[in-house]
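Every chain is numbered from 1 and lettered A, B, ... according to where its sequence line falls, protein lines coming before strand lines.
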There are 2 protein chains.
Amino acid sequence: MKSCRAREEGAAVGRRGVTGIASRGVNITQVARAAGVGTGTVSRVLNDSANVRPTTRARVLEVIERLDYHPSRLASGLSRGSPRTVAIVVPFMTRPSVVERLAGAISVLDEHGYDTVVLNVETAEQRDRHLKSLTARHRADGVVVLSIPIPATFLAAFRKARIPVVLVDTEAPGLPRTIADDARGGRLATEHLIALGHRRIGFVGDLGFEGIGNHSTRQRFSGYRAALQAARIPYDGALVRQGSHSAATSSLLAEELLGLADPPTAIFAISDTQAIGVLAAADRMGVEVPGDLSVVGYDDVEAAALLGLTTVRQPLKESGARGAERLCLLLRHERVRPLREELPLEIVARTSSAPPAAGAGTVRAAGGGSAGRQNAFGTSGDHERRVRGEHRQLLSEQPELHRLAAER
Amino acid sequence: MKSCRAREEGAAVGRRGVTGIASRGVNITQVARAAGVGTGTVSRVLNDSANVRPTTRARVLEVIERLDYHPSRLASGLSRGSPRTVAIVVPFMTRPSVVERLAGAISVLDEHGYDTVVLNVETAEQRDRHLKSLTARHRADGVVVLSIPIPATFLAAFRKARIPVVLVDTEAPGLPRTIADDARGGRLATEHLIALGHRRIGFVGDLGFEGIGNHSTRQRFSGYRAALQAARIPYDGALVRQGSHSAATSSLLAEELLGLADPPTAIFAISDTQAIGVLAAADRMGVEVPGDLSVVGYDDVEAAALLGLTTVRQPLKESGARGAERLCLLLRHERVRPLREELPLEIVARTSSAPPAAGAGTVRAAGGGSAGRQNAFGTSGDHERRVRGEHRQLLSEQPELHRLAAER
DNA sequence: TTCCAGGGCGGAACCGGTTCCATGAAGTCG
DNA sequence: CGACTTCATGGAACCGGTTCCGCCCTGGAA
C-alpha cells in the first residue's frame, strides 16, 4: 500500500508534473467521478448501449465534452479483444492499378470504422516479415491481401491464429477472394485485335512483380495464346517480350518488336503503363497508331481514355472495395458468398486499335524477305524456347522468378 | 472470490472451450509459468533489457518459441503508453505525386518499427473527421500530414494533446515541415520557356485539391507571374486556365488555349498529369510539340521521361521519407533542425520544349491583332480580374474553393 | 568472517477501457 | 399489498503487457 502510494506520487511528478498540469490524459475514471456515476455507466454511454437513463446519459456526455475526454483506443481495444484495425498487404503500392485497389479498400474500411495499416511490399523478405508480424495477437482484426500470392506457410499461420484473410487479385483455396479472370482478359484483348484482322500480334509483359507479385502476367499470356490458337494463328515466340513493369522498359521492348524484319501489326501490353511505353516507342520510330500498329493495354487507368488507348477494363477501385466489404462481413461473422468472386472485364475500344493496313500483317508475313525469319523462329514449341531468354519464363515454371525469390 | 472463480470457468468454457483447446491466446503469464520465471523476466527478455542471465534468457526464448507466443501489441502499447503507430493524412492518395510521397513515408516508418495508418482525405468533412480522431489518446504516436493545409483549430488540438505533427508539402508555423518552393518551381518552369524565347506562355492549373488541398497551384502561379514580370513580359489573363486535376480536364483547357486567336507558343502545366493532357490536346489538334508548342510539366513522374516531357523535378518519395524521419526524431525527443526544410527543385529539359517557331510568339504578339487584346487584358491588377472567372481564385481568396468546402 | 554493493529476479500495481455480477429501486401482476 | 420482474447502476475483475519495488544471492573489500 505504501509503495503504491509512493509510486502514484512519483508518476504524478515524473509524468504529469512536468507541465505543471495534471490534465494530461483524462480517463474514464475521472469522467465517472466528475459525472457522479460509475465507470460502467460511462462506458455504456460511450458505446451507445441501452439501459442508461436519458438524464444520466446527458450528464455524462456533458462531462465528456467539458473535460475534452477521448477514450483510449488501446485500452478499449485490449479489453474488447480487438484493435479495430485491418492490415492491407500490397506490393508496389505506387503503381496506378495497385493504388486504386488500395484506395478502394481503405475507403470501405474507413466507413466501417476500421483503421487501415498499409504494409507495402517490394521484396520477398519484406513480404515474409510483414505476413509473419500479422499473426501476432491484437495486431489486426483481419487482413486484406492485394495482388500478391501468399506462401502456404503463412496461410496456415493465419488459420491457426484465426485471423480472417481476404484476397483481392490473387487466389488461394478456401479463402474469400475477389478476382478478375486474367486469362479471359488476355483473350479479350487478343480477340479484339484478331477481329480487326490482325494476325501478327505482339505481347509485352512484365516479370510478375519481380518475384513476389501475382500471376496475372502469366495468365494474361495464356489468354493471349488461347485466342491465337482459337483463331488458328500460329504462335510466334519472337513476338513476345518481357521486362520490368515500367513504361520505359516496355518502350524498349516495343522498339525491339517494331524493329523486327517482320514486325507485329498489333501489340497487346499487359498493363496500360506498359502500353503507354509501347505508344511512346511507336511515336519515336514514326510508326503510326493505329495505322501501322494497333495497341491494346490493360486496366483502363485514367490516362488510357485520354490517350485513346484501347484497353481491357477491370474495376480496380471496386475490387479493393469488395475485398474490404467481404472482410467486414467476415469480421461480423457473417457468411461470405461466393468464396470466389469474379468481377467483370470488358474491352474498351478506343482509337489505338484499328484494322491493319492493307498488305500488312498476314499478307506481308506470308511472303517476302521475312519468310526466312519466320521459318527460323517458327511456331513449333521446340523453337519457341530458343528465341530470347526473356520470354522463357512464361512457358516454363518461370525459373528466373523462383531464383529471385530464393535469393531473398 | 466465488464470483471470480465462476466467471473464470465461464470464460474458459465460453470463449476457449468452443474449440476444445485452450491454446487460443498464449499470454505472458503462461510463458512465465512454463519457463519457471516471473512475468517481469519474460518482459525483460522480450525487450532485450539488461540484467537477465544468459541461461535464463535462453530458457525463456525456448519456451516462447515452443508455445508460439506473440506478445499483444495492444497490451504492450497500453502499458507503455504508445501504440507504436503513426498516422498519415493525405489527400487523393491515388495521384501519382501523392502516392510517391506516401510510399516514401511508409517505407521509413516501417524501418523504424512503426505501423502506418493511412487516412485518405477527399472532402473537407473527411479531413476534419480524421484530424479530430487523431487527437484521441493512444490513437497514434505522431502524425505526418501530406500536401494538405491544417485548419488552425486542429493545430491547436494537436498541440494540446501533445501529439507530434510533421508536415510535408504544406506549411504551418512552428511545425517541422519539408517542402519544395512551389513559387520557385513555377518560376523555373516559366524562365526555362522564356530563355527559349517564348513570350506567350499559357498556364494550366488545378483547383487546389478541390477545397482541401494545398496551395501549390497558387504558388506555382505566382512563380509564373514573377518570371513573366522579371522578363518584362506583360501578363495576359487569357492564357490562364484552371480546372479539376485530371489530364482529361487539362486537355480541354489546353484546347481552349490553342484555339485562341493568338494562341500561346508554350504552356506550363502545374503537374505532369495535367501536362500529359496538354500534350494529348496538341496531338488531337495537330499542333506539333515542340515545333508549334512547348510544354512544361511539374513533378517528373515516371511517364514524364518516357514522353520526353520537360518538367520541374521535385523529390517526391524523398519528401515523404524526410517527413517520416523527422517525425521519428521528434518521437525520440531529439531536435529537429531546421524546422522548415526545403528540398531542391530542378528543371529537367526534355524534348517537349524548344525555341518557338520563327514569327511566332513575341514577334506576333508584339504587333498585329493581338495587340488590342494585350491591351484589354493587360497587366494591371484591375484588368486581371475581369478575365474569365476561372483564374480569379488564384488572385483573390479562392471563393469557389471555400464554397466547395462549405457544401461538404 | 562480516558487510556491502549490485545483479538477477518475482510479482504487485498499473495502463484505461469493457463486461459481468450484485444491488436497489421502480413497476407489474395476482 | 406482497412476490416477482425489469431497469438503471456501481464497481470489481479482467484484457496482457511494463515497470518498479524489494528480496535474495553472490562476490569483493575490510
Side-chain angles (χ1 to χ4, degrees), chain A residues 1-12 14-16 24-33 35-57 59-60 69-84 136-139, chain B residues 1-12 14-16 24-33 35-57 59-60 69-84 136-139:
Chain A
M1 257 304 150
K2 193 158 61 174
S3 72
C4 155
R5 191 119 298 282
R7 192 179 166 204
E8 265 181 7
E9 281 169 13
R15 291 189 205 164
R16 303 177 183 179
R24 177 85 117 85
V26 181
N27 62 21
I28 201 171
T29 309
Q30 295 169 33
V31 172
R33 188 144 42 214
V37 300
T39 60
T41 301
V42 177
S43 179
R44 266 164 241 141
V45 169
L46 287 174
N47 297 291
D48 291 314
S49 52
N51 298 347
V52 177
R53 207 186 307 161
T55 57
T56 312
R57 179 184 301 275
R59 184 153 36 102
V60 170
Y69 166 69
H70 297 273
S72 152
R73 199 146 170 128
L74 289 177
S76 70
L78 178 59
S79 58
R80 199 193 307 257
S82 135
R84 292 181 170 285
R137 262 170 87 52
H138 296 160
R139 179 73 197 290
Chain B
M1 254 306 152
K2 193 159 54 174
S3 71
C4 155
R5 190 119 302 280
R7 190 178 166 204
E8 263 180 10
E9 280 168 15
R15 290 189 205 161
R16 300 175 185 179
R24 175 87 115 87
V26 181
N27 62 23
I28 201 170
T29 310
Q30 294 169 34
V31 172
R33 188 147 40 214
V37 300
T39 60
T41 301
V42 177
S43 178
R44 278 179 284 260
V45 169
L46 288 174
N47 297 290
D48 292 312
S49 51
N51 298 348
V52 178
R53 210 185 306 159
T55 58
T56 311
R57 178 183 303 274
R59 184 152 37 99
V60 171
Y69 166 69
H70 296 272
S72 153
R73 201 152 168 122
L74 289 178
S76 71
L78 178 60
S79 59
R80 199 194 305 260
S82 136
R84 291 180 171 284
R137 264 170 84 54
H138 296 160
R139 178 74 197 288

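For the pair T29(B) and G36(A), nearest-nucleotide mapping onto DNA chain D gives the more 5' position to G36(A). Nearer the 5' end of DNA chain C, as judged by each residue's closest nucleotide, is the contact made by R57(B), out of N47(A) and R57(B).
A pairwise comparison of heavy atoms in Y69(A) and N27(A) identifies CE1-C, 3.7 Å as the closest pair. Residues A136(A) and P71(B) share a closest heavy-atom pair of CB-O, 4.3 Å.
Nucleotide dC15(D) holds its P atom 8 Å from the CG atom of N27(B), rounded to whole Å. Rounded to whole angstrom, the span from the CD1 atom of I28(A) across to the C1' atom of dT19(C) amounts to 11 Å. One atom, CG of D48(A), and another, P of dG17(C), lie 16 Å apart when rounded to the nearest Å. Between the CZ atom of R139(A) and the C1' atom of dG16(D) there is a distance of 17 Å, rounded to whole Å. Here dT6(D) presents its P atom at 19 Å from CZ of R53(A), a figure rounded to the nearest Å. Across the protein-nucleic acid pair, L78(A) atom CG and dA13(D) atom P stand 18 Å apart, rounded to whole Å. Distance R73(B) CZ to dG17(D) C1': 13 Å, rounded to the nearest Å.
With axes fitted over five pairs at each extremity, the angle between the ends of the helix from dT1(C)-dA30(D) to dG30(C)-dC1(D) is 40° (10° resolution).
For S76(B), there are no side chain to side chain donor-acceptor pair (under 3.5 Å) partners, not counting sequence neighbours. Checked against salt bridge (charged side-chain N to carboxylate O under 4.0 Å, His left out), R59(B) has no partners two or more places apart in sequence or in another chain. With sequence neighbours left out, the side chain to side chain donor-acceptor pair (under 3.5 Å) criterion links S82(A) to D141(A). When the side-chain contact (heavy atoms from CB on, under 4.5 Å) test is applied to T39(B), the partners found at least two apart in sequence or on another chain are I28(B), T29(B), A32(B).
R57(B) CZ: more than 12 foreign heavy atoms inside a 6.0 Å radius.
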Output side-chain donor-acceptor pairs under 3.5 Å for residues 40-48 of chain B, partner residues at least two apart or in another chain, one line each.
| unit_1 | atom_1 | unit_2 | atom_2 | d |
| --- | --- | --- | --- | --- |
| S43(B) | OG | N47(B) | ND2 | 3.4 |
| N47(B) | ND2 | S43(B) | O | 2.8 |

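Phosphate contact (OP1/OP2 of dT18(D), side-chain N/O of R80(B), threshold under 4.0 Å): present. Contact check, N51(B) against dC9(C): no side-chain N or O comes under 4.0 Å of OP1 or OP2. One finds a side-chain N or O of T56(B) lying less than 4.0 angstrom from the OP1 or OP2 phosphate oxygen of dC9(C). Proximity of S43(B) to the phosphate of dT18(D): a side-chain N or O atom is located under 4.0 Å from OP1 or OP2. Here T41(A) reaches the OP1 or OP2 of dG10(D): one of its side-chain N or O atoms lies under 4.0 Å away.
With dG16(D), dT18(C), dC15(C) as the candidates, the nucleotide lying closest to the side chain of R137(B) is dC15(C). Here the side chain of T39(A) is nearest to one of dG10(C), dT18(D), dG11(D), namely dG11(D).
Base engagement by R44(B) is indicated by at least one non-hydrogen atom pair under 4.0 Å involving a base atom. If you check every strand for non-hydrogen atoms under 4.0 Å, G40(A) touches a base. Using a 4.0 Å heavy-atom distance criterion, V42(A) is classed as making no nucleic acid contact.
Note that the CG atom of L74(A) and the CZ atom of R84(B) stand 11.5 Å from one another [nearest 0.5 Å]. Of the inter-residue distances, the one linking H138(B) atom NE2 with R73(A) atom CZ reads 13.0 Å to the nearest 0.5 angstrom.
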Protein and nucleotides 26-28 of chain C: nitrogen or oxygen contacts under 3.5 angstrom:
none

